[in-house]
Amino acid sequence: MTNAVQAYSYAGPSTLDGSGLGLSTSGGRALSGPAAHPRFFSGLITQAAPAAAAMLGLSEVAMTRYHQPRPGWTRDPVVTCDGARLRLESFSACGGVYARLDLDALDGEVLDRGTTNVDINGPLREALARVGGRDPLHLGVGPDEMAVTTLDGAVIEKKVPLPDRWLRGFAEVQVLAAGFDLRAELAGPHAVRFLRGLPRKAGASLWLAPTGRDLRPVGQGARGSVCLSGVGRLKTLHPLLRFAKTLRVYGPPAPRPEEASAWELELPGMRYTLVLSPEAWRGFSGEGAVLDDLATDEAGADADVLGMLLNYEPAVELGLLAERSGLALPRVRAALTQLGTSGRVGYDLHEAAHFHRELPYDRDRVAELNPRLSAARRLVEAGAVRLSPGQARVTTDGGIREVGLADGSCTCPWWWDHRGSRGPCKHVLAARIAARQTVEVSL
């Protein structure tokens, strides 16, 4: 595993002093352009207690390795202001849990739209844990002009490693989530009873299906069920239960032996969402859900076109993008996947729509994090693919691999181990790329 080093430079630490919460911002992008310390919002959080508890949950996810726990680096949450809400996102240190807080309980002035990192430090976490009652909390995202001036250029800098798998996970999560369906919806009291009744063993896994107003354990892969792999990965929901209005559970339409799931807790004026990888030991980076879309020759160029049309909208409308760009809907979806690999779009299950954000990381590095796709392109360039009707033979150092173009099957060990559940292998990708190139040449 290779790591980049991310430097968070803040004009000062984030603080919570009395009724004022100041979130210090690092470098990011906004409608007004790149900024070292962008300012996005100044006003009130009208539901302070659940917002503080949810921010603590995000911070806990970022600090936690759910598989083989051990001390490690924490990564500051990514925050996007879209003019309607603040979206705060974090990833677990192990890469298997994605968390997001969609904060709508705001009353104030939107100063700009864009994305940045915000400082979440130890003293701030201690202060957030003490927030209670119903009083609103003043929030400032980004330092005010006087604060920046008086600091006279002094900064607080954190340097942390950013694993490739952590960055790739942002792309994989939005693609997987876009294919999820709503599986169950539990009202507050039923949600509390269900979550508090889960097994205490953190590594336990269950298959669950809605029964009346509750979720009940069922057999593996039962119709309409959802997989909860590693019940301990839902623990950041427990401090939020006293505010819970509704719990919604999402999963893929066709059950598989293991599958990812999403757990969305509706709170007053906000939503807190966890997306869990198919198994507790497994990060999102290896799922391969993005590879078929990225392998299309036009995806990169289409992404450039769509990227110019994005404007930090709360929800990206595919039909409108297709109309403005002149692209067919399948190409729009593939281009959004391409944009996801560089952190430029996420997916909101509740809204059933993508949203625009710009991860404040090196775009070139993030865009080059798919080794299977790179290997497939090298096979095509080396002339290793021989096509026949419905099939292909791919010559590798490990021998000849037989590929079925229609079902994506292959004779390689990767396919036999995963049967397509973690995306196509490099041989299938190479065969599909070669097949498309043959069609284009014949035209």
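As the structure is a computational prediction, the values presented were derived from the model and not from experiment. Just so you know, these numbers use all the heavy atoms, side chains as well, and skip hydrogens, waters and symmetry mates.
Ser225 places no side-chain N or O within donor-acceptor distance of the main-chain N or O of Leu208, the cut-off being under 3.5 Å. Remark: the backbone N or O of Asn311 is paired with a side-chain donor or acceptor of Glu313 at under 3.5 angstrom. Using modelled atom types, no side-chain atom of Thr211 and backbone atom of Asp214 make a donor-acceptor pair closer than 3.5 Å. Remark: side-chain polar atoms of Ser14 are paired, donor with acceptor, to backbone N or O of Ser24 under 3.5 angstrom. Arg386 places a side-chain N or O within donor-acceptor distance of the main-chain N or O of Gly383, the cut-off being under 3.5 Å. One N or O on the side chain of Ser325 and one on the backbone of Leu327 form a donor-acceptor pair closer than 3.5 Å. Judged by distance alone, the side chain of Trp415 and the main-chain N or O of Gly408 form a donor-acceptor pair under 3.5 Å. Counting only distance, with no hydrogens or angles, the side chain of His37 and the backbone of Thr25 share a donor-acceptor pair below 3.5 Å. In this structure, Ser261 contributes its side chain and Val226 its backbone to no donor-acceptor pair below 3.5 Å.
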Distance-only donor-acceptor pairs under 3.5 Å for side chains of residues 230-239, two or more places apart:
from: Arg233; atom 1: NE; to: Ser229; atom 2: O; distance (Å): 3.1
from: Arg233; atom 1: NH1; to: Gly96; atom 2: O; distance (Å): 3.1
from: Arg233; atom 1: NH1; to: Ser277; atom 2: OG; distance (Å): 2.9
from: Arg233; atom 1: NH2; to: Ser229; atom 2: O; distance (Å): 2.8
from: Arg233; atom 1: NH2; to: Ser277; atom 2: O; distance (Å): 2.8
from: Thr236; atom 1: OG1; to: Tyr272; atom 2: OH; distance (Å): 3.1

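Using a 4.0 Å cut-off between charged side-chain N and carboxylate O, Arg87 and Asp348 make a salt bridge. With respect to Glu264 and Arg100, no salt bridge is recorded, no charged nitrogen being found less than 4.0 Å from a carboxylate O. Salt-bridge check for Lys245 with Glu266: failed, with every basic side-chain N at 4.0 Å or more from each acidic carboxylate O. Ion pairing between a basic and an acidic side chain is recognised when a charged N comes within 4.0 Å of a carboxylate O; Asp102 and Arg271 show such pairing. Of the charged side-chain nitrogens involved, at least one lies within less than 4.0 Å of a carboxylate oxygen, so that Glu89 and Arg357 count as a salt-bridged pair.
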* Decide side chain to side chain contact (heavy atoms under 4.5 Å, CB included) for Leu318 and Arg333; before the verdict, give the C-alpha distance in whole Å, the side-chain angles of both, and the deciding distance to 0.1 Å. => CA-CA 8 Å; Leu318 269 64; Arg333 291 190 182 95; 3.7 Å; yes
* Asked: Passes side chain to side chain contact (heavy atoms under 4.5 Å, CB included), Asp181 versus Tyr250? Steps please.
  -> CA-CA 5 Å; Asp181 294 332; Tyr250 302 84; over 6 Å; no
* Working for side chain to side chain donor-acceptor pair (under 3.5 Å), residues Asn117 and Tyr10 -> CA-CA 9 Å; Asn117 289 104; Tyr10 297 106; 5.5 Å; no
* Step by step, would you call Ser92 with Thr64 a side chain to side chain donor-acceptor pair (under 3.5 Å)? -> CA-CA 6 Å; Ser92 65; Thr64 304; over 6 Å; no
* Working for side chain to side chain contact (heavy atoms under 4.5 Å, CB included), residues Leu103 and Arg85 -> CA-CA 5 Å; Leu103 182 57; Arg85 63 177 63 88; 5.7 Å; no
* **Chi angles and distances behind the side chain to side chain contact (heavy atoms under 4.5 Å, CB included) call for Arg213, Leu186** => CA-CA 6 Å; Arg213 298 180 178 181; Leu186 278 63; over 6 Å; no
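Looking only at side-chain heavy atoms (C-beta outward), Arg125 and Met63 come within less than 4.5 Å of each other. Pro199 has its side chain within reach of Leu206: a pair of non-hydrogen atoms, C-beta onward, lies under 4.5 Å apart. Using a 4.5 Å cut-off on side-chain heavy atoms (C-beta onward), Ile45 and Met55 make contact. Using a 4.5 Å heavy-atom cutoff, the side chains of Leu139 and Leu23 are in contact. Here the side chains of Leu88 and Thr80 are not in contact, with every heavy-atom distance at 4.5 Å or above. Side-chain atoms of Val79 and Leu86, non-hydrogen and from C-beta on, do get closer than 4.5 Å to each other. Considering only heavy atoms from C-beta on, Leu247 comes within 4.5 Å of Phe194 through its side chain. Side-chain atoms of Arg377 and Leu379, non-hydrogen and from C-beta on, never get closer than 4.5 Å to each other.
Of the residues listed (Leu405, Val394, Ile433, Val403), the one engaging Val428 in a side chain to side chain contact (heavy atoms under 4.5 Å, CB included) is Val403, and it is the only one. The side chain to side chain contact (heavy atoms under 4.5 Å, CB included) test with Cys81 is passed by exactly one of Asp112, Leu111, Val110: Val110.
With rounding to the nearest 0.5 Å, the separation of CZ in Arg75 from OG in Ser59 is 12.5 Å. Interatomic distance, CD of Glu259 versus CH2 of Trp207, reported as 3.5 Å (0.5 Å rounding). Rounding to the nearest 0.5 Å gives a distance of 8.0 Å between CE of Met270 and CG of Leu106. Between the CZ atom in Arg242 and the CG atom in Leu267 there is a gap of 10.0 Å [rounded to 0.5 Å].
Side-chain atoms of Ser26 and Thr116 form no donor-acceptor pair, as typed in the model, at a separation below 3.5 Å.
Between His356 and Tyr312, the angle of the ring planes stays under 30°, which puts this pair in the parallel group of the 30/60° scheme.
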